[in-house]
Amino acid sequence: MPASSNSRPDVVARLTENRLLASLPPEERDRLAARAEIVHLDALEVIGEPDAPITHAFFSLTGIISIVALDAAGDVVEVGTAGNEGMIGLPTFLGMPSSPFQSMGQVPGDHARVPIADLLAVAAAGSVLHGLLQRYAQAFSVLAGQSAACNRLHPVEERCARWLLMTHDRVRADSFLLTHEVLGQMLGVRRPSVSIAAATLQKAGYIRYHRGRITILDRPGLEEAACECYGVIQTQFARLFPDDAREQAPR
């Protein structure tokens, strides 16, 4: 189970680390804060199983959560991901009580966990949160569709660069924890392919990869190495927060 913190001042202060929650008027954000708690998720820590009732929404603050599909053999591939630009639990907003996918921690970090009933009460029609989640649903569908196309059409090195750029945007730090196992699951490839892709990007001087920690050394170079899918996804999330004065994520 994720570790939690129930200090109310801490919760209220930290909700603005999520860009969706930061965009809310104070009264809507305070209503969510009254029932939210801050939890920490580790890499590969499962928070939602396929077809199980979704009981909580997770608004990412410093960590990233992956939504993955599992096959009968237990292999997984990422079908969606959420960082500080979004949330996990979107099917409930769209009227569905569960999802066929599994949700798990990707990059270790903190998240605001809110009971679904409280989320839906605040996100009633006419609320600012309702409109934000409608636009987020559109951006998320583009992310999922473009990622699927990317996994089919582009070389693993380009896909790896795209994924690292998206992660860099979300964690807002040049260095973050990421194992070969997690990266392989997210890209849908075996560990040897991950090693080759990471070594290629490291040899070019774009990243440093040491003991499960990625450091971005040359952001413009990494952007050049990525496929066009990054730009497509970036544009959708930029439209979600057009008036945000802070650095866009994805950039």
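To the nearest 0.5 Å, atom CG of residue L90 and atom CE of residue M96 are 12.0 Å apart. Interatomic distance, NE2 of H168 versus OG of S175, reported as 9.5 Å (0.5 Å rounding). The distance from the CE atom of M87 to the CG atom of L133 is 5.5 Å, given to the nearest 0.5 Å. Distance check, rounded to the nearest 0.5 Å: CZ of R211 to OG1 of T179 gives 15.5 Å. Taking CD1 from I233 and CZ from R162, the interatomic distance works out to 5.0 Å, rounded to the nearest 0.5 Å. A distance of 12.0 Å separates OG1 of T167 from CG of L177, quoted to the nearest 0.5 Å.
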*Any chance you could lay out the salt bridge (Lys or Arg N to Asp or Glu O under 4.0 Å) test for R208 and D174, step after step, and finish with the verdict?*
CA-CA 10 Å; R208 180 171 62 246; D174 290 336; over 6 Å; no
*Carefully, step by step, assess C160 and L183 under the rule side chain to side chain contact (heavy atoms under 4.5 Å, CB included).*
CA-CA 8 Å; C160 185; L183 186 54; 3.9 Å; yes
*Assess whether side chain to side chain contact (heavy atoms under 4.5 Å, CB included) is satisfied between E181 and L44, documenting all intermediate values.*
CA-CA 9 Å; E181 180 183 7; L44 303 181; 3.6 Å; yes
*Could you go step by step and tell me if F59 and E17 meet the side chain to side chain contact (heavy atoms under 4.5 Å, CB included) rule?*
CA-CA 9 Å; F59 290 87; E17 295 177 36; over 6 Å; no
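Grouping the Ile, Leu, Val, Met, Phe, Trp and Tyr side chains by contacts below 4.5 angstrom, directly or via other members, places V142 apart from W163. The cluster map of Ile, Leu, Val, Met, Phe, Trp and Tyr, joined by side-chain heavy atoms under 4.5 Å apart, puts V232 and L240 in different clusters. Linking ILVMFWY side-chain heavy atoms closer than 4.5 Å, directly or via other members, places V128 and L15 in a single hydrophobic cluster. Note: the hydrophobic cluster containing I47 also contains L70 (ILVMFWY, side chain heavy atoms under 4.5 Å, direct or indirect links). Hydrophobic clustering, with ILVMFWY side chains joined whenever heavy atoms are under 4.5 angstrom apart, groups V79 together with V46.
L20 is listed as a side-chain neighbour of F241, based on a closest heavy-atom distance under 4.5 Å. A 4.5 Å side-chain heavy-atom check between I88 and H111 finds every atom pair outside the cut-off. P100 is listed as a side-chain neighbour of D51, based on a closest heavy-atom distance under 4.5 Å. Looking at L32 and L129, their side chains come closer than 4.5 Å, going by heavy atoms from C-beta outward. Looking only at side-chain heavy atoms (C-beta outward), F176 and R170 stay at 4.5 Å or farther from each other. By the 4.5 Å heavy-atom criterion applied to side chains, V76 and F101 are not counted as neighbours.
Judged by distance alone, the side chain of E85 and the main-chain N or O of F237 form no donor-acceptor pair under 3.5 Å. Put simply, the side chain of E157 never gets that close to the backbone of T200: no donor and acceptor are under 3.5 Å apart. Of the possible donor and acceptor atoms, none in the side chain of S66 sits under 3.5 Å from a partner among the backbone N and O of V68. With Q202 contributing its side chain and Y209 its backbone, the two residues share a donor-acceptor pair below 3.5 Å. Without hydrogens or angle criteria, T62 side chain to D110 main chain gives a donor-acceptor distance under 3.5 Å. With S127 contributing its side chain and V122 its backbone, the two residues share a donor-acceptor pair below 3.5 Å. Between the side chain of N18 and the backbone N or O of S60, at least one donor-acceptor pair lies under 3.5 Å. Between the side chain of R29 and the backbone N or O of L24 there is at least one donor-acceptor pair closer than 3.5 Å. Between the S141 side chain and the Q138 main chain, a donor and an acceptor come within less than 3.5 Å of each other.
Between C229 and Q146, the shortest heavy-atom contact is SG-NE2, 3.3 Å. Residues I65 and T81 share a closest heavy-atom pair of O-OG1, 3.1 Å. Minimum heavy-atom separation, V114 to L119: CG1-N, 4.1 Å. R172 approaches N84 most closely through the heavy-atom pair NE-ND2, 3.1 Å. Of all heavy-atom pairs between G205 and L217, the closest is O-CB, 3.6 Å. Here the closest heavy-atom approach between residue A225 and residue E158 is recorded as O-CG, 3.5 Å.
The existence of a salt bridge linking E27 and R31 is excluded, since no basic side-chain nitrogen approaches an acidic carboxylate oxygen closer than 4.0 Å.
Within 6.0 Å of CD in Q134 there are more than 12 heavy atoms belonging to other residues, nucleotides or ligands.
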